[in-house]
Amino acid sequence: MRIAEFALERYFARWEFAVRHLLCASDVEGWPMADLLALADPETAALWAGLRLGYSEAPGHPLLRAEIAGLYDTLGPDDVLVFAGAEEAIFCLSNVLLGPGDHAVVTWPGYQSLYEVGRATGADVTLHVLHEGDGWDLDPARLIAALRPETRLVVINAPHNPTGMLPTHAEWARLTGELADRGIHLLADEVYRFLEFDEADRLRAGADAFDRGVSLGVMSKSFAMAGLRIGWLATRDRDLLARCAAFKDYTTICSSAPSEILALIGLRARDTVLARSRRIVGDNLVHLDRFVDAHADRWSWFRPRGGSIGFARLLDDEPSESFAARLVEAEGVLLLPGSVIGHDGNHVRIGFGREDLPEALAGLERFLDRSPVGAAGR
Ligand SMILES: Cc1ncc(COP(=O)(O)O)c(C=O)c1O
């Protein structure tokens, strides 16, 4: 397989552990291990204490699959397949569903593997481009018009990385209804699900919407446990799940046994876990709202509707790459220029899931004060 470099992951490989403040991370501040273990119930505490480090069950620990199934309205444990993060699930599903002669439609800008793996299979991938002028909104009519007889897969990530876009319930119903009628699979990348700022906006999960709807979930984002590397696909399409399971024999075979138990503890305590994530994200948004108001002459953004990231536009003439390079050098604060994800609109991705956001923003503000418009290195 020949595949293009994953530019965003290469950027993080260079910077993530070399800077003081990550102001562009997509995950929520990771749980301290001791705090997570303190949430264990008697059953999971015993599983943890008695854990043997052998291979684990290939589809995922039965209790973990049951807990994941509980996140959906219409699924049981056998409708769930556990992976090493969302990333492995994307890789397996794209390879199983796509190949030469097939077509896929994928929202863009976005997380690169959602379209790059499909391209690497030889499939033709149409990007459904979100425009800032439309408030980054999905355009169901335009997306439906892009479907072809050979379209096998539509990929929609909502809440969306990097814009925080979330379709309305009516748009979602129209899209899922159309895909159901045409027998096309949907990969609903729901890794930021449960972080909708208004709970009433939470969409029906892709897997609940129709038989060929596939929900992608992970412990990394809303559940704030990226280090577990536990993700999953959930769908009522058992045949598809079986094909993904067979493909996974060539990637990881089965999941990390300790991570499965830790994920189980986290999901059983999900009310506590999600309340913490929502508190972090909510507090940070207050700081960001104030920042954008105070610097409206230099920054603009469509406030995200969910998730832990937004896509803000730098209004200065300076390209966002050189702004970000000067900022990290001066203050140790990392932003992600839009160009890293192939976008040329002078935007940066801002992540607001980390607890040090107030200090990171203070560094950014000091930097802005020191380089007023006109004084920037153009
Ligand atoms: C939209 C989206 N999907 C999938 C992933 C992959 O998640 P993980 O790294 O936990 O496998 C990410 C990570 O940033 C993401 O933003």
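Order of listing sets the numbers, starting from 1, for every ligand and every atom in it. Quick caveat: nothing in here was measured; it's all calculated off a predicted structure.
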Close-contact set for ligand 1 against [X] heavy atoms, below 4.0 Å:
X	value
Tyr192	1 (C), 14 (O), 15 (C), 16 (O)
Gly85	11 (O)
Glu87	11 (O)
Val218	10 (O)
Asn157	1 (C)

Looking at [Y] and [X], is there a salt bridge between them, counting it only when a charged N and a carboxylate O are closer than 4.0 Å?
X	Y	result
Glu29	Arg276	no
Arg370	Glu331	yes
Arg119	Glu116	yes
Arg326	Glu318	yes

Looking only at protein heavy atoms, which one is nearest to [atom], and how far off is it?
atom	result
atom 5 (C) of ligand 1	Tyr111 CE2, 3.4 Å
atom 10 (O) of ligand 1	Ser220 OG, 2.5 Å
atom 7 (O) of ligand 1	Ala86 CB, 3.5 Å
atom 13 (C) of ligand 1	Lys221 NZ, 2.8 Å

Quiz item: How about Phe6 and Phe12: are their ring centres within less than 6.0 Å of each other?
Solution: no
Quiz item: What about Phe311 and Trp299, are their ring centers closer than 6.0 Å?
Solution: no
Quiz item: Does Ser26 come within less than 4.0 Å of ligand 1, judged by its heavy atoms?
Solution: yes
Quiz item: Does ligand 1 have an atom that lies less than 4.0 angstrom from a heavy atom of Met219?
Solution: no
Quiz item: Is the closest side-chain heavy-atom distance between Met165 and Leu130 below 4.5 Å?
Solution: yes
Quiz item: So, Glu365 and His295: side-chain donor and acceptor under 3.5 Å apart, yes or no?
Solution: yes
Quiz item: Considering only heavy atoms, which of Val155, Val191, Asp189 lies nearest to atom 3 (N) of ligand 1?
Solution: Asp189
Exercise. Indicate yes or no: does an N/O atom of Arg229 lie under 3.5 Å from an N/O atom of ligand 1?
Key: yes
Quiz item: Is the NZ or CZ atom of Arg313 both under 6.0 Å from the centre of the six-membered ring of Trp301 and within 45° of that ring's axis?
Solution: no
